[in-house]
Amino acid sequence: MTRTAWLTLAALCATFRLPAQGVMVAPKAVFMSSGGGSGTVTLLNPGTDPVEVAVSVFYGYTATDSTGQLRLVTMDHPDSTQPSAAGWLQAFPRRLTLGPRDQQVVRLLATPPAGLADGEYWARLAFTAKAGELPVTGVSDSANIKVGLTLQIQQVIGLHYRKGQVRTGLTLTGLEAVRQGDSVIVHASLERQGNAAYLGTVHAVVIGSSGKPVGEGRIPITVFFTNRPRWAVSIAGAPADQYRLRLDIATQRDDLERQVMLQSPAVSDSTAVKNP
C-alpha cells in the first residue's frame, strides 16, 4: 500500500517554481467610507490549474522595528483604544475556487457600531491560496511513504475605513544622515497627526558642496502612529566631499489614486551628512 503524507507550508512569498503561483489581488489597498459601506477586491488566477482561496480579516498596521525596517503589527483582540475595523468588516465569499485564468470579485461589507467616532479605522485582508504540491526528494523509506509540501501563498492588503471628518499630517524630527560606502544612510522620526494614517512619498536628495545633487531617492510611506525608518540613498561614484541631505515629504503617491489621498502641508528638513 502506498501512503502519501503532505505537510503544510504557509508563506508570504513562495520560493518554488510551481504551475500555480497563487492569485493576483487588486487593488493593493482598499478605501471605504461611511457614505458607502461596501467595497470590492478582484482576484485573478493567472495559472492553468484551479486555485482554492480563503479570505480572512484581521487587525494590523505597519510600524518600524529597532533597526528601522517595517514590520506588520497584529492583534487578535484589539481593545477600544485601537482603531480597528476588523470586528465589523465582512468579506463575501470567504472561500472560493478560481478556475484557470478566472477572476472573481470579493465584496466587503462594513457594519460599524452606532456612535462610532469620526476618524479612520483599519483592517487587513488576507488571501490564502493553495498553490500546488511540491514533492520532497531524497527521502528513502521502506514503507513507500511519499513526502511533499502543500504550499499556501498568502497575500495581505490594507483596508482604511473613514467616517466623518478625517484629517492627517506629519511631523519630522531627529533627522540623521551618515555616509556608508556608496550610500547615505538616513534615519528620521515620523509622527502622524490627525485621526487618519499619513500616506505620502519621501524625496531624499544628497547635495554636494557645489550645490549639485549626487544622489536621490523616492520612497512611498504610510505612517499609522510613529515610525523611525532607515533609508539608503545611493551616491555611487561620488567623491569625498561635504554633503547635505534634504528631505521633502508630501501627500502624493504614484501607486494610489489621487481621490483617496488626504492632503496636508508638506514637511521638509535638511542635515549635514556625517562621515564614518
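Computed from a predicted structure; not experimentally measured.
- Gln154 and Thr128 form a side-chain donor-acceptor contact under 3.5 Å, judged by distance and modelled atom types alone.
- Under a 4.0 Å N-O distance rule, the pair Arg228/Glu176 qualifies as a salt bridge.
- For Arg167, the side-chain contact (heavy atoms from CB on, under 4.5 Å) test picks out Asn195, with sequence neighbours left out.
- In this structure, Thr201 contributes its side chain and Gln252 its backbone to a donor-acceptor pair below 3.5 Å.
- Contact record, Asp255 with Lys28: OD2-NZ, 3.1 Å, taken as the closest heavy-atom pair.
- A donor-acceptor pair shorter than 3.5 Å cannot be found between the side chains of Ser56 and Arg124.
- With hydrogens and angles ignored, the 3.5 Å screen pairs no side-chain donor or acceptor of Asp241 with any backbone N or O of Gly208.
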Q) Does the side-chain contact (heavy atoms from CB on, under 4.5 Å) test come out yes or no for Thr48 and Arg101, once each step is laid out? A) CA-CA 7 Å; Thr48 57; Arg101 308 285 195 265; 3.5 Å; yes
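- Within the structure, ring pair (Phe, Tyr, Trp, His ring centres under 6.0 Å) pairs that include any residue of residues 225-264 comprise Tyr61-Phe225, Trp122-Phe225 (at least two apart or interchain).
- We find that Lys163 and Asp118 are joined by a salt bridge, their nearest charged nitrogen and carboxylate oxygen being less than 4.0 Å apart.
- Between the side chain of Ser183 and the main chain of Ile185, no donor-acceptor pair closer than 3.5 Å is present.
- When all heavy atoms of Gly60 and Leu72 are compared, the pair lying nearest together is C-CD1, 4.2 Å.
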Q: Could you give me the CA-CA distance, side-chain angles and deciding distance for Leu108 and Thr40, then say whether side-chain contact (heavy atoms from CB on, under 4.5 Å) is met?
A: CA-CA 6 Å; Leu108 308 171; Thr40 60; over 6 Å; no
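- Atoms CZ and NE2, from Arg230 and His187 in turn, are 5.5 Å apart once rounded to the nearest 0.5 Å.
- Residues Gln263 and Thr251 have side chains that bring a donor and an acceptor to within less than 3.5 angstrom of each other.
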Q: Test side-chain contact (heavy atoms from CB on, under 4.5 Å) on Tyr121 and Trp88 and set out the steps.
A: CA-CA 11 Å; Tyr121 298 82; Trp88 36 268; 4.0 Å; yes
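- No donor-acceptor pair under 3.5 Å is formed between the side chain of Arg246 and the backbone N or O of Ser270.
- When only modelled atom types and interatomic distance are considered, Glu120 and Tyr161 share no side-chain donor-acceptor pair under 3.5 Å.
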